[in-house]
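For the single chain, residues carry numbers from 1 onward in sequence order.
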Amino acid sequence: MDNRFMQMAIDLALKGMRKGEGGPFGAVIVKDGEIIGMGNNRVTGTNDPTAHAEVVAIRDACQFLSDFQLTNCTLYTTCEPCPMCLGAIYWARPDKVYYGCTRHDAAAIEFDDDFIYQEMNVPIHNRKIPMEPFMRTEALQLFGEWSTLSDKTLY
């Protein structure tokens, strides 16, 4: 735990927010005491709903490392990760995450992702956005070919 890195995440969030890039969120990824990835929320600045600070920082760090995993890395973020960012974090596999504000603090300023947490527990056919299987047989052929590849990289 290092105050400098959390302060950097806060500073990134403030700078991006003041530039109109997005909400008050910033993230820094550290490996061996050095910053290897940074990001601030850029959702409104880029019209990209996936441009959350953590995702931007993960992309930056993975590019820096030329790897899709963040082994031996620590993520500092200004807020408890939303469900999308949490998924990205688990895919990237850093060793630890430090966060400033909670998701309840974010909800208090109208960044409420609680409905997404709730949707994950709702049966697919009852979700707010309709989802239904389509062309599963054809899609399974793709999965079948993947399973036979001898030179694939698992992740």
Side-chain angles (χ1 to χ4, degrees), residues 5 9 12-13 16-17 21-32 34-155:
F5 300 130
L12 285 167
M17 181 183 70
E21 294 178 335
F25 307 100
V28 170
I29 298 174
V30 177
K31 184 172 186 169
D32 300 324
E34 298 294 324
I35 295 173
I36 61 161
M38 299 185 298
N40 61 284
N41 184 288
R42 298 179 185 161
V43 169
T44 58
T46 61
N47 294 316
D48 178 356
T50 69
H52 288 202
E54 296 91 337
V55 173
V56 172
I58 288 168
R59 291 173 180 160
D60 190 39
C62 287
Q63 184 78 21
F64 178 84
L65 294 174
S66 297
D67 198 345
F68 56 86
Q69 304 248 291
L70 297 175
T71 307
N72 300 317
C73 294
T74 302
L75 171 64
Y76 291 82
T77 182
T78 56
C79 190
E80 179 181 352
C82 75
M84 177 185 69
C85 293
L86 187 61
I89 289 165
Y90 273 92
W91 281 113
R93 295 178 175 88
D95 290 357
K96 189 156 193 167
V97 175
Y98 292 107
Y99 63 90
C101 299
T102 68
R103 67 187 194 198
H104 305 291
D105 297 328
I109 61 166
E110 301 185 50
F111 285 95
D112 192 358
D113 53 15
D114 190 55
F115 77 97
I116 300 171
Y117 285 102
Q118 291 177 22
E119 278 288 286
M120 293 186 323
N121 294 317
V122 173
I124 289 176
H125 60 278
N126 289 337
R127 291 185 180 163
K128 290 183 170 85
I129 297 176
M131 298 182 186
E132 93 182 56
F134 182 63
M135 294 182 67
R136 181 170 182 255
T137 301
E138 293 81 356
L140 279 171
Q141 291 174 4
L142 175 67
F143 280 23
E145 185 170 329
W146 169 262
S147 69
T148 64
L149 292 176
S150 61
D151 62 342
K152 65 184 169 234
T153 302
L154 297 176
Y155 57 97

TODO: Identify the heavy atoms of G39 and A53 that sit nearest to each other, and give their distance.
DONE: O-CB, 3.7 Å
TODO: May I ask you to check whether E21 and N41 show a side-chain donor-acceptor distance below 3.5 Å?
DONE: no
Task: Nearest-0.5 Å distance, CD1 of residue I116 to CG of residue L86 - done: 11.5 Å
- [ ] Mind checking the NE2-CD spacing from H104 to E80? Nearest 0.5 Å is all I need.
- [x] 6.5 Å
TODO: Enter the distance from M38:CE to Y76:OH here, rounded to the nearest 0.5 Å.
DONE: 15.0 Å
Task: ring pair (Phe, Tyr, Trp, His ring centres under 6.0 Å) against Y117, all qualifying residues, sequence neighbours excluded - done: none
Task: Spatial distance of atom SG (C62) from atom CD1 (I29) [nearest 0.5 Å] - done: 7.0 Å
TODO: Hey, could you give me the CD1/CG distance between I36 and L70, rounded to the nearest 0.5 Å?
DONE: 6.0 Å
Task: Nearest heavy-atom neighbours spanning G23 and F111 - done: CA-CZ, 3.9 Å
Task: Nearest non-hydrogen partners of A92 and I58, listed with the distance - done: CB-CG2, 4.0 Å
Open item on the list: To the nearest 0.5 Å, what is the distance between CD1 on I89 and OG1 on T77?
Closed with: 7.0 Å
Residues 146-155, side-chain donor-acceptor partners within the protein, below 3.5 Å, at least two apart:
| from | atom 1 | to | atom 2 | distance (Å) |
| --- | --- | --- | --- | --- |
| S147 | OG | G144 | O | 2.7 |
| T148 | OG1 | E145 | O | 2.8 |
| K152 | NZ | W146 | O | 3.0 |
| K152 | NZ | S147 | O | 3.0 |
| K152 | NZ | L149 | O | 3.4 |

- [ ] Check side chain to side chain contact (heavy atoms under 4.5 Å, CB included) between E119 and all other residues, then give those that pass, not counting sequence neighbours.
- [x] V122, R127, K128
